[in-house]
Amino acid sequence: MKYTGRLSLLLVVSIFTLFQIFVTKDPLNEQAFDTLISAIIAWFVGKQYDKMRFYAEKDFLTELYNRRFANKFFSKLKKKANSNKLTLGVFMIDINSFKQINDKYGHEAGDEALKLLSGTIRKNIEKSDIAIRWGGDEFMILTPAITVESAEAMITRMNDDFVMSINKDWTIDSDFGLSAGLAMYPADGENIGDLSNIADRRMYTIKSNLKNID
């Protein structure tokens, strides 16, 4: 969580204190107690602001960006892609048989699986990528200038890491791997709604094929 609010308010307190010292000529020792109280209040108020801002953009459970942020930020990534004549990839990812985790191991285990997946995503994306919890067990990755080949490689790494982690942490008798679908801007759509729907359909096609193989 960033300290923007806290640091901003402490800066205001510091400037006001310096103003009192150098303009009003009040002795520093007379200002010390008031400055301390003001700094404590500023830190507390700033902390509440930082928390509100954090959870306005982030998902509470996974601490990835939320859907609201994705909708707002997509236009910036789209504009950048247009300026540089690049593509923009939109992944949709979810956990296979996630309902079984909740049913068999409980919702707390389901939450742990979601946090595990969020950590796996963070580990495998680039700094320029944006990871989002789209809803439920569905996650989105916005990734600039990606090719289909590099996208497939990233998903393979992500799936291997996730399966290894979940089997290490839990004794399970099912394969809770990942399914992912990819849509590309501008080839597949112009807005995040259309692109997420296309990626979602492709993800469920892959999921259905896996079930047929089983």
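Small disclaimer: the values here were computed from a predicted structure and weren't measured.
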Quick one: CG on N197 to CG on D188, what's the gap to the nearest 0.5 Å? 12.0 Å
Side chains of L142 and I132, heavy atoms from C-beta outward: is any pair under 4.5 Å? yes
Name the one of N124, I146, D129 that satisfies side-chain contact (heavy atoms from CB on, under 4.5 Å) with I141? D129
So that I can tick it off, tell me whether E63 and K115 are bridged by a salt bridge, with the cut-off set at under 4.0 angstrom between side-chain N and carboxylate O. no
Dump the intermediate steps for side chain to side chain contact (heavy atoms under 4.5 Å, CB included) on E112 and Y105, then the final yes or no. CA-CA 11 Å; E112 289 302 314; Y105 301 99; over 6 Å; no
Interatomic distance, CD1@I93 vs CE@M140, rounded to 0.5 Å, equals 10.0 Å
Okay, side chain of K78, backbone of E190: is any donor-acceptor separation there less than 3.5 Å? yes
Please round to the nearest 0.5 Å and tell me the distance separating atom CG of L116 and atom CG of D111. 12.5 Å
Does I198 share a hydrophobic cluster with V90, counting links as ILVMFWY side-chain heavy atoms below 4.5 Å and allowing steps through other members? no
Side chain proximity check, L114 to F98, heavy atoms < 4.5 angstrom: yes
With no hydrogens and no angle check, is any side-chain donor or acceptor of R122 less than 3.5 Å from a backbone partner on I125? no
State plainly whether one hydrophobic cluster holds both L86 and M154, where clusters connect Ile, Leu, Val, Met, Phe, Trp and Tyr through side-chain heavy atoms under 4.5 angstrom apart. no
May I have the step-by-step check of side chain to side chain donor-acceptor pair (under 3.5 Å) for Y185 and N82, ending in yes or no? CA-CA 10 Å; Y185 169 84; N82 290 338; 2.7 Å; yes
Between NZ on residue K72 and CD1 on residue I192, distance to nearest 0.5 Å: 12.5 Å
D94 and M203: CA distance, side-chain angles, deciding distance, side chain to side chain contact (heavy atoms under 4.5 Å, CB included) verdict: CA-CA 8 Å; D94 78 355; M203 178 183 71; 3.8 Å; yes
Hey, does the side chain of D200 reach the backbone of S196 with a donor-acceptor pair shorter than 3.5 angstrom? no
Determine yes or no for a side-chain-to-main-chain donor-acceptor pair under 3.5 angstrom, with N159 supplying the side chain and I155 the backbone. no
Could you walk me through whether I130 and F74 pass the side chain to side chain contact (heavy atoms under 4.5 Å, CB included) test, one step at a time? CA-CA 10 Å; I130 304 296; F74 177 79; over 6 Å; no
